[in-house]
2 protein chains.
Amino acid sequence: MKEKKNGPPGRTKIMKALSALIKQKDFHSITTAEIAFQAGVTEGLIYKYFKDKRDLLYTVLEEYFEAFREYIKKEVAQRETSIEKLEVVIRANIESWSANRVFARILLLEVRSSPDYYKSRAYELVKKYYRTIVQIIEDGMEKGEIRRDIKPEVLTKTILGAIEHSCLGDIIFERTIDADLICDNICKTVFKGVMP
Amino acid sequence: MKEKKNGPPGRTKIMKALSALIKQKDFHSITTAEIAFQAGVTEGLIYKYFKDKRDLLYTVLEEYFEAFREYIKKEVAQRETSIEKLEVVIRANIESWSANRVFARILLLEVRSSPDYYKSRAYELVKKYYRTIVQIIEDGMEKGEIRRDIKPEVLTKTILGAIEHSCLGDIIFERTIDADLICDNICKTVFKGVMP
DNA sequence: AAAGTGAGTAAGTTTTACTTACTTATGTAT
DNA sequence: ATACATAAGTAAGTAAAACTTACTCACTTT
């Protein structure tokens, strides 16, 4: 077996088609007709395999996310202290987005506004990722590496938010992401604080 | 003069109508027919005063943002040190969103994905807000209150991102925002760092 | 009073997401 | 092999929503 169970070829072609189109324009202005044309199938087939246009988007996102989590997991496992682990999460996250802008754009801009997204499998993966970070922080607190007067959940959100917003502008305006600079700045801020 | 130059009554009614509807459901599932009905005008009038449905949304957002900036400006002026100013920005931002969820939802979820938004007047106001914070940080660096080995722009994005992501979940799922907890946690993290 | 202007309308058209009823290919048991 | 079942794919629509166009009415200006 070369591939995972991707299902029928038409389904794969449709996902590839949207994946390609989303590089060129925003999701809202991509029509189902365009997707079908790019995939070389008819419009109706989209609705055979996906509930609706958005469901297709979530499924594409899911694929990206699976790879992303895999990568992060591997990197984290190699580190010892919780601070090192957090640093590698921050770095890997930014670098993943930098290498895979489409993924970042879908995740940060295209799906969040639809209520249905929060019932999707893709969102389940996001939550898993979130919980991984909370766990790192809780472990760090237990080991005395991280101060205990902060809520792990809020700290996680602070870190994820810092990453997201720092990359957002570059993603929207198609600029190159200076991963090192951003990572370095976020780590300095979060680990040691901004006071001299 | 009671009001600012709001333009013709129909225009105001349309904006009020969308403002009310967006409290109940997400922008995508609000139809122009609904907006017109709620406003007590015909659908065509919307297109007399606004380029399209999204343009109307940006204009509503603009109104909210104007008030937001006014409030922040006043709060900031009362503080002395740059750290105090940053703290009050964080607090005022979170409290504004807590008090005005519609505004936060539009800003964080509904407009960001459309390229047109980045040409709107509303986005200009966002940039102004961003620059205000950069300025506070630059002043702080000059006065020696903030370490100089961080880029003011990245630090600004880190702070804004931390705020946004910390509130996002509560906004989406309509939970109450614990402004004090979030503000306190972000300040602790950003000012002093997470290490004990 | 005639002309001009801006607010507002009624009745379309077009676009686009989504459906339905059908055909063609593929694999499987007798 | 042949009949049957199931899955892949298509063609031609429908419905709803965004957006247009050509018009009317009221009110001001000269």
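Side chains are part of it too, since the values below use all heavy atoms of this structure and drop only hydrogens, waters and symmetry mates. Here is how names work: the chains are called A, B, and so on, in the same order as the sequence lines, proteins then strands, and each is numbered from 1. Being a predicted model, the structure only gives us computed values, none of them experimental.
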Is there, by distance only and without an angle test, a donor paired with an acceptor across the side chain of B/Lys48 and the base of C/dG8 below 3.5 Å?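 Indeed, a donor on one side and an acceptor on the other fall under 3.5 Å apart.
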Nearest-Å distance for atom pair [atom1]/[atom2], residues [X] and [N]:
X: A/Phe37; N: C/dA17; atom1: CZ; atom2: P; result: 16 Å
X: A/Ile35; N: C/dC18; atom1: CD1; atom2: P; result: 10 Å
X: B/Phe27; N: D/dA17; atom1: CZ; atom2: P; result: 14 Å
X: B/Ile46; N: D/dT21; atom1: CD1; atom2: C1'; result: 16 Å
X: A/Arg54; N: C/dT16; atom1: CZ; atom2: C1'; result: 15 Å
X: B/Asp55; N: D/dT20; atom1: CG; atom2: P; result: 12 Å
X: A/Glu43; N: D/dA8; atom1: CD; atom2: C1'; result: 17 Å
X: B/Lys53; N: D/dA18; atom1: NZ; atom2: C1'; result: 8 Å

> Is the phosphate of C/dC18, meaning OP1 or OP2, less than 4.0 Å from a side-chain N or O of A/Tyr47?
Replying inline: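 So the side-chain polar atoms of A/Tyr47 do come within 4.0 Å of the phosphate oxygens OP1 or OP2 of C/dC18, strictly under.
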Report task. Give a yes/no answer on whether the side chain of A/Tyr49 brings an N or O atom under 4.0 Å of OP1 or OP2 in D/dG9. Result ->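 It does, given that an N or O in the side chain of A/Tyr49 lies less than 4.0 Å from OP1 or OP2 of D/dG9.
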>> Classify the ring geometry of B/Phe68 against B/Trp97: parallel below 30°, tilted from 30° to 60°, perpendicular beyond 60°.
In response: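 Geometry flag for B/Trp97 against B/Phe68: parallel rings.
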Aromatic rings B/Tyr118 and A/Phe173: how do their planes relate, parallel, tilted or perpendicular, breaks at 30° and 60°?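 Perpendicular: the ring planes of B/Tyr118 and A/Phe173 meet at over 60°.
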Report task. Answer yes or no: does atom NZ of A/Lys151 have more than 12 heavy-atom neighbours from other residues, nucleotides or ligands under 6.0 Å? Result ->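 Open: at most 12 neighbouring heavy atoms sit under 6.0 Å from NZ of A/Lys151.
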Distance-only donor-acceptor check, side chains [X] and [Y], under 3.5 Å:
X: A/Ser19; Y: A/Tyr64; answer: yes
X: A/Ser113; Y: B/Glu110; answer: no
X: B/Asn93; Y: B/Tyr129; answer: yes

**Message:** Checking B/Lys192 against A/Val194 for the side-chain contact (heavy atoms from CB on, under 4.5 Å) test, could you report, in this order, the C-alpha distance in whole Å, the side-chain angles of both residues, the deciding distance, and whether it holds?
**Reply:** CA-CA 7 Å; B/Lys192 295 279 196 175; A/Val194 297; over 6 Å; no
Checking contacts here: which listed nucleotide ([options]) is nearest the side-chain heavy atoms of [X]?
X: A/Thr31; options: C/dC18, C/dA17, C/dA10; result: C/dA17
X: A/Leu45; options: C/dT9, C/dC18, D/dG9; result: D/dG9
X: A/Asp52; options: C/dA17, C/dT9, C/dC18; result: C/dC18
X: B/Thr42; options: C/dC18, D/dA11, C/dT9; result: C/dT9

(request) Quick one: label B/Leu56 by what it contacts on the DNA or RNA (base, sugar-phosphate, nothing), any heavy atom closer than 4.0 Å. (result)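 B/Leu56: no heavy atom of the nucleic acid under 4.0 Å.
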Margin query: What's B/Ile30 touching, base or sugar-phosphate or nothing? Going by heavy atoms closer than 4.0 Å.
Written below: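 If one applies the 4.0 Å heavy-atom cut-off, B/Ile30 turns out to touch the sugar-phosphate alone, with no base involved.
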With a 6.0 Å cut-off on ring centres, are A/Phe103 and A/Phe65 close enough?
->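 Between A/Phe65 and A/Phe103, which both carry aromatic rings, the centre distance is below 6.0 Å.
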In terms of the nearest nucleotide of DNA chain C, which residue is placed more toward the 5' end: A/Ala33 or B/Lys13?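 With A/Ala33 and B/Lys13 compared, the 5'-side residue is B/Lys13.
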Here DNA chain C, pairs taken as Watson-Crick or G-U under 3.5 Å and shown with ( ), [ ] when crossing and | when to another strand, reads ||||||||||||||||||||||||||||||
